[in-house]
Amino acid sequence: MLRNRLTNLIRSAVESLIASGMLPSEARVPVEITDTKTRDHGDFACNFALTATKKAGIPPRQIGVMLKQVLESSSGEASSPIATVEIAGPGFLNIHLKPEAVAAYVDTVLDMGNSLANLAAQSFEGQKLPKLNVEFVSVNPNGPITVGSARGAVFGDVLCRVFAAAGYPVDREYYINDGVNSKQMRLFAESVQSYALGLPLPENGYQGDYVKDVAEEVSRLFGRDASRKEPVGWWQERSQELMLERQRQDLATFEVGFDRWFSEQSMHESGLVTDSLEKLKANGSADSECYRTEVVREGKEATLEQKPEECGPLWLRATKFGDDKDRVLLRSDGRPAYIAGDVAYMESKLGQRGYEKAIIILGPDHHGYIPRMNAVCQALGYPQERFEIIIFQIVRFVKDGKPAPMRKRDGNIYELRDLIDEIGANSSPTADKAEQQRIGKDVSRFFYLMRSHETHMDFDIDLATKQNDENPVFYVQYAHARICSVIAKAESAGFVRDDNNPTDAALLTHETELALIMKILDLPIEVARCAKDYGVHRLTTYAIELARTYHHFYDACRVVQPEEPALTLARLNLCHAARTGLRAVFTLLGVSAPERMDRETAS
RNA sequence: GCGGCCGUAGCUCAGUGGAUAGAGCGCUUCCCUCCGGAGGAAGAGGUCGUGGGUUCGAGUCCCACCGGCCGUGCCA
């Protein structure tokens, strides 16, 4: 919007200088509008003169002078938002905007309403955006959603919300590792069975309350005596189903949802696994020749060596596609290796179901996976650009200032649901369960999202559960509650926003008013950037900044003033616009927008 | 060994190759005749791990080193 207009203005100014011969055509470098750090540097800055100086062969300040002339000569026209241009430092153009041009955007924001974030799509205009499949979480159905996997869950969730706002068609998917031959799933089933029937736990069996929960649920649903007679396969099916249900519930509480829960086993049954392996054999990427290829490194030299191997397994020749070693697809006895499912799954996404790009979000223990999966992608004949793995880094849990194991005192795994419940109970002891979960969800989501997914993160459990004032989500939500309160106050004084009765936005001239408008307008730009570089944590920073900008405005400008009805209405509109902006970020972050916040006073 | 990530204020961390490096918490002051004080204003606090390089310009990009965390399977 505002930035686009400025970019276009400067671009055409450059063109006119080139047309009149004052700039050589080589000077046609991209125009970039940047933020300024202080008010002294204007509302926006442009570094064109600095970036173009070399190609133009003209000193930066001289280019600046020419641009200033062109831009200011047209600033008298009503369509130009530019008031003045200054040349500063080595050759920055500091652009000062007309206050009324900024103020006019309040109406734009109000018109957009809930779809404000969708303006991000403007940054991708003219681009064909690929149809995306984003797979994330995908925790094995033999364990709960832990506080560790929760990081990937919120990250993936918000990333998908951002993609959608930016205009990408996107489907979210959860991969269920439910292969019937899985040893781990069998052991899990046996463990559940032991708990349910009071038998001794198998060696290395699964322990913990969640296993007991599943066991009790099986007994409740099917009867202890009836289930006693059932074979392990029956237990496997039931315990897997119930475990998945628990995961689904926890994710729902966390406001993370999926378009599709995709079963690994279904691909074995439908023949897709076999078909995909045949495809690899047919195109020469897989064979059962009697050798094994490995990359051998000596210093910086790397060579491919073929080593003798007993005949039998079906090999994916992954080394052809940059992997370190070839991978077994079918074991010597004909049973598929795990990666066979991955091959079929890739084929399902990029082939069968026609997604133009598949993204997988994985934890830090998976980066050995990247070259392997890239090889799978290429072996199936798909270009590398159509597949991407995003790794989020580890969450380290800290308690009492020391690294803490991911288990609670009673030895149970720290589940996401425990975290949500603890935060909610501590911050609002007397609220009902649903309200506590809402608070726990808001705080934990925000906490996870504050850090970049690609950096390590210390999760201080004491901090998150006890000292809630330190969590900025309350600061941000308070701004929203405050706006609601002001709007209610205005209403009781007889001031109501009315689309049919336009207000005079030009009355908004105070520096904090203009700063607030410009901050709201930044939202679509932030969203577009997130869609490009996946840095969704910046949305939390943005939310805090927007809240702060509102508090500044609130402090400096009184909204409800019966003796100034026109100004009151103009400021009321600004409040609505700010609330629109806050709600838009909240929606992206999956954080609620409470209209009032009542602190429980600790006695 | 190989690979990934990190090192910025006392603590937890932001920071798009741009000008005087920011925020929250903590610390020291101040501000309700006023729409919610979960707020605002001011102050103290920094060799951006070290050393080179790239360029008009580096916390940001490249290389080396130091320090920390993690991963490295014919497992699923």
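To find a chain, count down the sequence lines: A is the first, B the second, and so on, and within it residues start at 1.
- Checked against the 6.0 Å centroid threshold, A/Y550 and A/F553 count as a close aromatic pair.
- Across all strands shown, B/U60 has no partner, as no Watson-Crick or G-U wobble contact with both distances under 3.5 Å is found.
- Using a 4.0 Å heavy-atom distance criterion, A/C46 is classed as making no nucleic acid contact.
- Nucleotide B/U47 forms no Watson-Crick or G-U wobble pair with any nucleotide shown, as no partner meets the under 3.5 Å limit on both distances.
- In this entry the distance linking CG of A/N140 with P of B/C75 reads 16 Å, nearest Å.
- Checking B/A38, B/U20, B/U16 against the side-chain heavy atoms of A/D40 singles out B/U20 as nearest.
- Checked against B/C75, B/C74, B/C70, the side chain of A/I394 finds its nearest nucleotide in B/C70.
- Between the P atom of B/C56 and the CG atom of A/L50 lies a distance of 11 Å, rounded to the nearest Å.
- Pairing for B/G36 is absent, with no Watson-Crick or G-U wobble pair whose two atom distances lie under 3.5 Å.
- Residue side chain A/D365 does not reach the base of B/G71 through any donor-acceptor N/O pair under 3.5 Å, judged by distance alone.
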Exercise. Report the C-alpha distance between A/R438 and A/E435 in whole Å, list the side-chain angles of each, state the deciding distance to 0.1 Å, and finish with yes or no for salt bridge (Lys or Arg N to Asp or Glu O under 4.0 Å).
Key: CA-CA 5 Å; A/R438 196 218 90 215; A/E435 174 67 0; 2.8 Å; yes
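- The separation between A/H453 atom NE2 and B/C5 atom P is 10 Å, rounded to whole Å.
- At the heavy-atom level, A/S452 lies under 4.0 Å from the strands shown only through sugar-phosphate atoms.
- Base pairing of B/A41 is made with B/U29, judged by Watson-Crick or G-U wobble geometry with both donor-acceptor distances under 3.5 Å.
- If you check B/A19 for Watson-Crick or wobble pairing at under 3.5 angstrom, you find it has no partner at all.
- A/Y475 comes within 4.0 angstrom of the backbone, heavy atoms only, and of no base.
- Screening A/V476, A/L516, A/L523, A/T541 for a side chain to side chain contact (heavy atoms under 4.5 Å, CB included) with A/L546, the sole residue that qualifies is A/L516.
- Side-chain atoms of A/Q393 lie closest to B/C5 of the nucleotides B/C5, B/G39, B/U16.
- Ring orientation note: the planes of A/Y174 and A/W261 are close to parallel, at an angle under 30° on the 30°/60° scale.
- Straight-line distance from the CZ atom of A/R451 to the P atom of B/G15: 11 Å, rounded to whole Å.
- If you check every strand for non-hydrogen atoms under 4.0 Å, A/A488 touches nothing.
- Of the N and O atoms on the side chains of A/Q240 and A/Q236, not one donor lies less than 3.5 Å from an acceptor on the other residue.
- Residues A/E454 and A/L330 each lie close to RNA chain B; by heavy-atom proximity, the contact nearer the 5' end of the strand is made by A/E454.
- Of all nucleotides present, only B/C6 satisfies the Watson-Crick or G-U wobble test against B/G67, with each distance under 3.5 Å.
- Distance check on atom C1': B/C65 versus B/G7 gives 14 Å, rounded to whole Å.
- Comparing B/C5 with B/A9, their C1' atoms sit 23 Å apart, to the nearest whole Å.
- Atom-to-atom, CZ of A/R558 to P of B/U33 comes out at 13 Å; the value is rounded to the nearest Å.
- You won't find any donor-acceptor pair under 3.5 Å spanning the side chain of A/H367 and the base of B/G71, going by distance alone.
- Closest to the A/K325 side chain, of the nucleotides B/G37, B/G73, B/U55, is B/G73.
- Checked by distance alone, A/N94 brings a side-chain donor or acceptor within 3.5 Å of a matching partner on the base of B/A19.
- Residue A/A481 is classed as a base contact, given a heavy-atom separation below 4.0 Å to a base.
- A cation-pi arrangement is found for A/R482 relative to A/Y554, the charged atom lying closer than 6.0 Å to the ring centre and inside a 45° cone about the ring normal.
- Taking the nucleotide of RNA chain B with the nearest heavy atom to each of A/H456 and A/I544, the more 5' of the two is matched to A/I544.
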